[in-house]
*Asks:* 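My questions all concern the structure below.
Note that the numbering runs from 1 along the sequence shown for the chain.
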Amino acid sequence: MKLKNNEVGVYAIGGLGEIGRNMYCVEYQDEIIIMDCGIKFPEDDMMGINYVISDYSYLVKNRKKIKALVVTHGHEDHIGGIPYLLKKIPEIPVYATPFALALIRGKLDEHGILNSSELHEEHEDTVLKFDKLSVSFFRTTHSIPDTLGIAVHTPEGAVLFTGDFKFDLTPVMNQPAPDFQEMAKLGKEGVLALLSDSTNAEVPTFTKSERFVAHSLHDIITGIKGRIIFATFASNLYRVSTAIKAAVDTGRKVAIFGRSMENGVQNGIDLGYLDIPEGTLVDANEINHTPPEKAMILCTGSQGEPLAALSRIADGTHRQISLQPGDTVIFSSNPIPGNTTSVNHLINKLTEAGANVVHGKIHNVHTSGHAGQEEQKMMIELTKPEYFIPVHGEYRMQVVHTETAQSTGMPKDHTFVLKNGDVLALTRDSSRIAGHINIPDVFVDTSGSDDVGNIVVRDRQILAEEGLVVVVATVDYKHQRVLAGPDILSRGFVYMRESTELISQAQKHVYHVLKTEMAKDPQPKENEIRKAIIENLQDFLYSKTERRPMILPMLIEKKGCLSNPVDE
């Protein structure tokens, strides 16, 4: 990346061409402001991967330039990567709204780095001042409390990042409405670039208010006679608040299951967002002895996560809760892209177990937290940016969002569909792509390790799709002999009892490869022989089956006489 002295660099470490992993940077001379640091949930074929973060190597290399990490709100795709970033650059000061900060503290505590982290609370009137850059905030609304947009002020104008937003004029839980006046003020002062949420770029309307869903959910809950199992995101305090209020109004006791849900409710109580009458919350033992019409279970698992409370209840593996005849399960969320299959599978399991399942838009139990096209246009008209960059969305969403921006009068050459790592260099009068930062994916597995590489994931995919073939042979390199084997074992490739002819041919094929390779050199190298076995056997098996299993050669070196070789 090569920025001129008067240019403002804008780039994404994650969040472009994808849903999740939001992380955007503004760089001017020797100062960098980071906005959000999230995770992305894995695709179905990423075996054993919990989530995906970005490679932070560029930021590590330029750590002395970083002035702050500022956070828009507390969803995982905006804060989930913070522990991994701070492990590499612990000196970064983090600024976040009260609810997001409570969630971040919990994450850092789990990773054992809370005491070594510098955390600060931000509000809509907070201003951070550095030598050349400053940061201010503007109030928006989303599906979580304390949501702010970010304005990074540079000598060339302000770079605005909306975060996840919609314009909800009737928010719940005493949350304030969006601050249109501040957005318009920023627009009047001069916005160099707008980075705007593209999630609902294909939705041509305004997004419904959370209050609309609150009324609908309240009506549904009050009409249910049996026990209710209510599943939503732990961070969506709006839905949690609605569910608990409906439970109180109908005389129900509420039990909470799932560690993240327990933490979310406790944070909501501590921060004053949840006002729950004494005696409403009970433990598992009491809820199991409460009449069904007086019981509600509030739990995690609305995305079909296999280890979440709702999935374990559906599987019958939950230690404390079992499905009962007459249970109603309410899914108050939409599947995250990539989770649709697992959510549908969970709904089917619950239905087969006899539960009545309420989900989807048809029941009005969910509304999006993201702006539709009309709100996206309003954001552009209020802030009047010189340049426009759609973020937080898949490629097609970014393209549609630029078309929406152009419909408001933005010149086409002032709108940019970028990829992660693309560096856009801006001044009031110029724009150019100033290079590209290499940002490979980093995979975090079930153990919490963040060093699961692309090769490991690829190997898992091959094992899942094609299977494994193990080749075992005992060899005498000195005398160029095969002393035993080769034996072939198949796992997930072919059923050996029904493939004796194929296995026999493969054994002979490997035997000839071994003899040929050992004859090439008086001192053969084992890694070259292994490579030859893999390449030749893969080609042979593909010619017979049109499949390419993973080949794992195991060569045991011994000195001795020729014993029971495969017939030539």
*Asks:* Would you tell me whether D197 and T199 have side-chain atoms, one donor and one acceptor, within less than 3.5 Å of each other?
*Replies:*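 Yes, a side-chain donor-acceptor pair sits under 3.5 Å.
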*Asks:* So N200 and S368, side chain to side chain donor-acceptor pair (under 3.5 Å) or not? Walk me through it.
*Replies:* CA-CA 8 Å; N200 276 356; S368 176; 2.9 Å; yes
*Asks:* Is there a side-chain contact between I330 and I229 (heavy atoms, below 4.5 Å)?
*Replies:*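 No, their side chains stay 4.5 Å or more apart.
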*Asks:* Evaluate the side-chain proximity of T207 to V203: yes if any heavy-atom separation is below 4.5 Å, no if none is.
*Replies:*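 The answer is no, as the side chains (C-beta and beyond) never meet within the 4.5 Å cut-off.
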*Asks:* Please give me the minimum heavy-atom distance between I439 and A12, naming the atom from each residue.
*Replies:*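 In terms of heavy atoms, the two residues are closest at CD1-O, 3.5 Å.
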*Asks:* When the ring planes of F416 and Y387 are compared, do they come out parallel, tilted or perpendicular, using 30° and 60° as the limits?
*Replies:*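 Taking Y387 first and then F416, their aromatic rings sit tilted (interplane angle of 30° to 60°).
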*Asks:* Could you work out, with salt bridge (charged side-chain N to carboxylate O under 4.0 Å, His left out) as the rule, every residue matching K531, not counting sequence neighbours?
*Replies:*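 Result, salt bridge (charged side-chain N to carboxylate O under 4.0 Å, His left out) vs K531: none returned.
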*Asks:* What's the spacing between I297 CD1 and M261 CE if we round to 0.5 Å?
*Replies:*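 The CE atom of M261 is 12.0 Å from CD1 of I297, to the nearest 0.5 Å.
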*Asks:* Tell me if the aromatic rings of F230 and F331 count as close, with their centers under 6.0 Å from one another.
*Replies:*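 No - the distance between ring centres of F230 and F331 does not fall below the 6.0 Å cut-off.
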*Asks:* Rounded to the nearest 0.5 Å, what separates atom SG in C299 from atom CD in E262?
*Replies:*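 Nearest 0.5 Å value for the SG-CD distance: 11.5 Å.
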*Asks:* State, to 0.1 Å, how close Q406 and K412 come at their nearest heavy-atom pair, and which atoms those are.
*Replies:*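 Taking every non-hydrogen atom into account, NE2-CG, 3.6 Å.
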*Asks:* Just do the side-chain contact (heavy atoms from CB on, under 4.5 Å) check on S311 and L346 with the steps written out, would you?
*Replies:* CA-CA 7 Å; S311 291; L346 178 57; 3.9 Å; yes
*Asks:* Can you find a pair of side-chain heavy atoms, one from D164 and one from H370, that are under 4.5 Å apart?
*Replies:*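 Yes. Closest side-chain heavy atoms under 4.5 Å.
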*Asks:* With distance as the sole criterion, is a donor-acceptor pair present between the side chains of S332 and R239 under 3.5 Å?
*Replies:*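 Their side chains do contain a donor-acceptor pair, which is all the 3.5 Å distance test asks for.
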*Asks:* Given the side-chain rings of Y11 and H436, with only the six-membered ring counted for Trp, is the space between their centroids under 6.0 Å?
*Replies:*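 No: the rings miss the under 6.0 Å criterion.
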*Asks:* Of all heavy-atom pairs between L502 and T545, which one has the smallest distance, and what is that distance?
*Replies:*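 Nearest heavy atoms, L502 then T545: CD2-CG2, 3.9 Å.
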*Asks:* Quick one: closest heavy-atom pair of L3 and A425, and the distance?
*Replies:*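 Residues L3 and A425, closest heavy atoms: CD2-CB, 3.6 Å.
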*Asks:* Are any non-hydrogen side-chain atoms of L323 and L350 less than 4.5 angstrom apart?
*Replies:*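 In short, these two side chains touch, coming nearer than 4.5 Å.
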*Asks:* So R396 and E202, side-chain contact (heavy atoms from CB on, under 4.5 Å) or not? Walk me through it.
*Replies:* CA-CA 9 Å; R396 71 180 190 284; E202 298 167 302; 3.0 Å; yes
*Asks:* Check whether any side-chain heavy atom of V159 lies under 4.5 Å from a side-chain heavy atom of L195, and answer yes or no.
*Replies:*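 V159 vs L195: side chains touch.
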*Asks:* Nearest 0.5 Å please: distance from the CD1 atom of I92 over to the CD1 atom of I89.
*Replies:*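 Between atom CD1 of I92 and atom CD1 of I89 there are 4.0 Å.
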*Asks:* Using a strict cut-off of less than 4.0 Å between a Lys/Arg side-chain nitrogen and an Asp/Glu carboxylate oxygen, indicate whether K107 and E76 qualify as a salt bridge.
*Replies:*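 The answer is yes: the pair qualifies as a salt bridge.
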*Asks:* With sequence neighbours excluded, what pairs up with H318 under the ring pair (Phe, Tyr, Trp, His ring centres under 6.0 Å) test?
*Replies:*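 Residues passing ring pair (Phe, Tyr, Trp, His ring centres under 6.0 Å) with H318: F257.
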*Asks:* Identify whether NZ of Lys or CZ of Arg in K61 sits under 6.0 Å from the centre of the six-membered ring of Y58 and within 45° of that ring's axis.
*Replies:*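 Ring-cation test returns no.
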*Asks:* Using a strict cut-off of less than 4.0 Å between a Lys/Arg side-chain nitrogen and an Asp/Glu carboxylate oxygen, indicate whether E18 and K40 qualify as a salt bridge.
*Replies:*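 Yes, E18 and K40 are salt-bridged.
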*Asks:* Looking at every heavy atom in both A506 and L541, which two are closest together, and how far apart are they?
*Replies:*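 Heavy-atom minimum between the residues: CB-CD2, 4.5 Å.
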*Asks:* I'd like to check Q398 versus T415 (side-chain heavy atoms, cut-off strictly below 4.5 Å). Are they in contact?
*Replies:*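 They are not in contact (no side-chain heavy atoms under 4.5 Å apart), so the answer is no.
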*Asks:* Can you find a pair of side-chain heavy atoms, one from M550 and one from V469, that are under 4.5 Å apart?
*Replies:*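 No. Closest side-chain heavy atoms not under 4.5 Å.
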*Asks:* Taking the six-membered ring for Trp, are H142 and F165 closer than 6.0 Å centroid to centroid?
*Replies:*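 So the answer is no for these two rings.
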*Asks:* Apply side-chain contact (heavy atoms from CB on, under 4.5 Å) to L59 and C25, showing your working.
*Replies:* CA-CA 10 Å; L59 296 175; C25 297; 4.2 Å; yes
*Asks:* Is atom CZ of R259 surrounded by more than 12 heavy atoms (other residues, nucleotides or ligands) closer than 6.0 Å?
*Replies:*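 No, the 6.0 Å shell around CZ holds no more than 12 heavy atoms from other groups.
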*Asks:* For R21, run the salt bridge (charged side-chain N to carboxylate O under 4.0 Å, His left out) check against D55, D77, D36, D441 and tell me which one passes.
*Replies:*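 Per the salt bridge (charged side-chain N to carboxylate O under 4.0 Å, His left out) rule, the option paired with R21 is D441, out of D55, D77, D36, D441.
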*Asks:* Taking the six-membered ring for Trp, is the centroid-to-centroid distance between H392 and H78 below 6.0 Å?
*Replies:*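 Yes.
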*Asks:* With a 4.5 Å limit on heavy-atom distance, are the side chains of E403 and P390 in contact?
*Replies:*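 No, side chains not in contact.
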*Asks:* Nearest 0.5 Å please: distance from the NZ atom of K544 over to the CD atom of E501.
*Replies:*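 Taking NZ in K544 and CD in E501, the distance rounds to 8.5 Å.
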*Asks:* Mind checking the CE-CG spacing from M410 to L194? Nearest 0.5 Å is all I need.
*Replies:*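 Spacing of CE (M410) from CG (L194) equals 8.0 Å.
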*Asks:* Can we say E91 and K64 salt-bridge, meaning some charged N sits less than 4.0 Å from an Asp/Glu carboxylate O?
*Replies:*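 No salt bridge links E91 with K64.
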*Asks:* How far apart are the closest heavy atoms of P486 and V471, and which atoms are they?
*Replies:*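 Heavy atoms of P486 and V471 come nearest at CB-CG1, 4.1 Å.
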*Asks:* Quick one, L69 with C37, criterion side-chain contact (heavy atoms from CB on, under 4.5 Å). Give me CA distance, side-chain angles, the key distance, then yes/no.
*Replies:* CA-CA 8 Å; L69 164 60; C37 180; 4.3 Å; yes
*Asks:* Within this structure, what is the CD1-CD1 distance for the pair I66 and I33, rounded to the nearest 0.5 Å?
*Replies:*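 Separation between the atoms: 9.5 Å.
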*Asks:* Counting distance only, does the side-chain N/O of D422 pair as donor-acceptor with the main-chain N or O of K419 below 3.5 Å?
*Replies:*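 A pair under 3.5 Å: yes.
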